[in-house]
Amino acid sequence: MLRVRFAPSPTGYLHIGSARTFIFNWLYARRNGGTMILRIDDTDVERNTQESLDSIYEGLRWLDLSWDEFYRQSERGELHRSAAETIFAKGLAYRDFTPAAVSEDEEKSHADGQWLFNPAMRELSKEESDRRAAAGEPFVLRFRVPRESRTEVTFQDLVYGAQSKATADIEDFALLRSSGVPTYHMASCADDADLRISHIIRGQDHLTNTFKHVLIFEALGVTPPNFAHLPLLIAPDGSKLSKRKHGPVVSVTTYRDAGFLPQAFINFVCLLGWSPKDDREVLSRQELVDAFSLEGINQSNATVNFTEQDPFDPKAVWFNAEHIRTMPQEQLAEQLLPFAAAAGFSPDRAKMKQVTPLIQERIRLLSDVKTTADIFFLDPLPPYDSAELIPQKGDAAMAATVLERARQVLETAEFRHETLDAALRAAAAELKVKTGQMFQPIRVAVCGRKVAPPLFETLEVLGRETTLKRIDEALRMLPAPLRTEN
RNA sequence: GGCGCUAUCGUCUAACGGUUAGGACGGAGCCCUCUCAAGGCUCAAAUACGGGUUCGAUUCCCGUUAGCGCUACCA
């Protein structure tokens, strides 16, 4: 039975790296008919926050990622303590009565002097240990790393291959804090054993911790699960992604609020450190499930290429644009609604459905609706420079002539883009101006700028009334003496 | 400092020990075209360095360098 878990600690918002870890676990479970478990690793009471927990749920809900079983470590303290008890009873752990390091110097001396264990504490007699404990003296419970009986700890990583580390290089790590609260290593392993996790898929920052975990599993009398460590996601400066240093750009909700599609986000992060080994890049959720395998995961860290000017990796934005383009229009219109409302447009569904096909291949983020669809929702148009009305190789007189003529045509023409196209082309021929010279003034009059969706489709959506009103306004902006009456 | 992991275009990546080292994003240019997009085509751009092994190394081994991680009574 294949069982995987995602075990975040609620000490910050769900960031892109954690999301990817969840996704890889989820993909592996769904691919192989396994069970996905969400376990909140909240043993560090000091740093846990409700906001963080909410952020994790919020992010996962947005991505529409589900789990089959749910646990909170804080509700499983008894299990962790009894597991520690078991290890202690087997003589594989000992009490360390050394007071916690308070000063930085003390900690540093540990680091410099390759601290492995305190011999006096490791070798304390059972009698004295029991006596001091009974007297109420505080202690941490440490794992007694075997140093004589074996020389190294090994395991096979499904991504990084055979791993080994000398027992002489592993320190006697803590299992229980002096408060009696289990440490991460203890709680995590006790839970992984109890929940019968078959594959631990997690960040590479845990690779060296795994030697300790193997020791714990063995001490518990359990065969260790399979391990698969993931290359880390790093910032362009080479440092590990962190909210502290990089701010909200690493938060999943930042992507959501900027107008990313969940599927595009998932697609993007999946290709950071994993490849389907063919040249496919734009993949649906189902295609990802079908293509996913641990063999496709590579070993080197991947950079999320954001900058201070642009918080999103250009490739992530491209993925989003790709997914927007292939999305059914009905769905896209629906997704666009809240972003249009946020832009202050007060859009209705029917109007949005008309506008959507005109902007679908012109937006990269859902929030781009604000800058590309404004002309359909705002009335009147924001002010613009009347010089924009003047066509290439033309002058204000030409602009005025063109607009006057267009106005006449549009007063009676049927507002369907095919007929508008034919009518206005004919008008251009009649006036002996190039089509570009004919269309550009109309476009600017109607959109307030030169860059816009195709003209005739735009007019069709805008309708006769708005179109004529905007042309009249443009005409008023042109110098009066140059206006040609007919 | 010790230990571990990693190293292909700017970025994400592909390449049974044999390829003109491939694809994508981004960049430049051309085409298409009512503007913008989209689309099509083209160009620039990489095997960190040094030693081996081999008829032949991006690929295997060693070293150097660099980056990252762990080295807590954080996770």
Side-chain angles (χ1 to χ4, degrees), chain A residues 7-12 41-44 46-48 96 98-101 107 110-116 138-142 157 159-161 163-166 168-171 173-185 187-188 202-212 229 231-232 234 236 238-240 268 271-282 298-306 313-319 321 325 358-364 372 392 421 424-425 428 434-440 442-444 447 449-456:
Chain A
S9 57
T11 55
D41 279 9
D42 51 355
T43 53
D44 186 2
E46 306 277 301
R47 301 198 307 156
N48 294 335
D96 181 347
T98 313
E107 281 180 35
H110 275 193
D112 288 344
Q114 297 146 264
W115 181 89
L116 286 173
F139 62 87
V140 294
L141 191 71
R142 288 190 184 282
D157 190 273
V159 171
Y160 287 93
Q163 302 294 314
S164 77
K165 184 159 178 157
D169 289 324
I170 305 174
E171 74 281 2
F173 53 94
L175 259 22
L176 250 31
R177 300 178 173 93
S178 54
S179 61
V181 177
T183 62
Y184 160 74
H185 300 302
S188 179
R202 68 208 330 181
Q204 194 241 62
D205 47 348
H206 286 296
L207 191 62
T208 42
N209 286 332
T210 306
F211 297 104
K212 296 171 190 167
H229 287 88
L232 265 19
I234 59 178
S239 63
K240 191 178 158 182
F268 169 64
L271 290 183
L272 252 22
W274 172 80
S275 159
K277 302 292 183 192
D278 49 33
D279 284 339
R280 288 184 302 161
E281 298 222 79
V282 179
N298 55 23
Q299 291 103 308
S300 49
N301 294 345
T303 310
V304 180
N305 203 9
F306 60 82
D313 191 313
K315 193 140 189 183
V317 176
W318 174 79
F319 271 116
R325 281 197 284 272
L358 297 194
I359 64 171
Q360 182 162 25
E361 63 182 29
R362 265 164 272 268
I363 58 174
R364 301 181 308 160
T372 75
Q392 277 283 307
D421 190 327
L424 289 170
R425 271 180 207 282
K434 293 186 173 167
T435 50
Q437 292 174 314
M438 180 80 199
F439 301 154
Q440 195 70 302
I442 306 174
R443 170 177 295 108
V444 174
C447 302
R449 56 172 175 261
K450 289 177 177 167
V451 174
L455 184 57
F456 312 114

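Everything numeric in this text was worked out from a predicted model, so none of it was measured. Below, chain A is the first sequence line, B the second, and so on; all start at residue 1.
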Nucleotide [N], atom [atom2] - distance to [atom1] of [X] in whole Å:
X: A:H185; N: B:C70; atom1: NE2; atom2: P; answer: 11 Å
X: A:R202; N: B:G69; atom1: CZ; atom2: P; answer: 17 Å
X: A:L232; N: B:C5; atom1: CG; atom2: P; answer: 15 Å
X: A:L175; N: B:A72; atom1: CG; atom2: P; answer: 15 Å
X: A:I234; N: B:A66; atom1: CD1; atom2: C1'; answer: 12 Å
X: A:F211; N: B:C70; atom1: CZ; atom2: C1'; answer: 10 Å
X: A:E171; N: B:G4; atom1: CD; atom2: P; answer: 14 Å
X: A:N298; N: B:C12; atom1: CG; atom2: P; answer: 10 Å

Looking at [N], which nucleotide sits across from it as a Watson-Crick or G-U wobble partner, both distances under 3.5 angstrom, or is there none?
N: B:A7; result: B:U65
N: B:A15; result: none
N: B:U35; result: none
N: B:G1; result: B:U71
N: B:C43; result: B:G27
N: B:U58; result: none
N: B:U53; result: none

With a 4.0 Å cut-off on heavy atoms, is [X] in touch with a base, just the backbone sugar-phosphate, or nothing at all?
X: A:D169; result: sugar-phosphate
X: A:T43; result: sugar-phosphate
X: A:T210; result: nothing
X: A:G273; result: sugar-phosphate

[atom1] gap between [N] and [M], integer Å:
N: B:G1; M: B:U54; atom1: P; value: 36 Å
N: B:A45; M: B:A21; atom1: P; value: 13 Å
N: B:A75; M: B:A66; atom1: P; value: 33 Å
N: B:A24; M: B:G39; atom1: P; value: 12 Å
N: B:U58; M: B:G40; atom1: P; value: 33 Å
N: B:G56; M: B:C70; atom1: C1'; value: 40 Å

With distance as the sole test, does [X] use its side chain to make a donor-acceptor pair with the main-chain N or O of [Y] at under 3.5 Å?
X: A:Q392; Y: A:Q437; result: no
X: A:T303; Y: A:N305; result: no
X: A:N48; Y: A:D42; result: yes
X: A:N301; Y: A:L232; result: yes
X: A:T372; Y: A:I359; result: no

**Item:** Candidates B:G26, B:U71, B:C12 - which lies nearest the side chain of A:P314
**Value:** B:G26

**Side chain of A:A174 (C-beta onward), nearest among B:G69, B:U13, B:C73** = B:C73

**Message:** At less than 3.5 Å, do the side-chain atoms of A:S178 and the base atoms of B:C73 form a donor-acceptor pair?
**Reply:** yes

**Request:** Decide yes or no, distance alone: a donor-acceptor N/O pair under 3.5 angstrom between the base of B:A75 and the side-chain of A:N209.
**Result:** yes

**Message:** I need the single residue from A:Q299, A:H229, A:Q163 that forms a side chain to side chain donor-acceptor pair (under 3.5 Å) with A:D157. Which is it?
**Reply:** A:H229

**Message:** Would you say that more than 12 heavy atoms from the other residues, nucleotides or ligands in this model lie under 6.0 Å from the CZ of A:R362, or not?
**Reply:** yes

**Sugar-phosphate or base contact per nucleotide [nucleotides 29-47 of chain B; S, B, -; heavy atom under 4.0 Å]** = -----BBBBSS--------

Between N or O atoms, less than 3.5 Å apart, protein on one side and nucleotides 6-11 of chain B on the other: list the pairs.
from: B:U11; atom 1: O4'; to: A:N305; atom 2: ND2; distance (Å): 3.4

**Prompt:** Going through the distances and angles, do A:E171 and A:K212 end up as a salt bridge (charged side-chain N to carboxylate O under 4.0 Å, His left out)?
**Reply:** CA-CA 9 Å; A:E171 74 281 2; A:K212 296 171 190 167; 2.9 Å; yes

**Charged N-O contact under 4.0 Å between A:D278 and A:R280** = yes

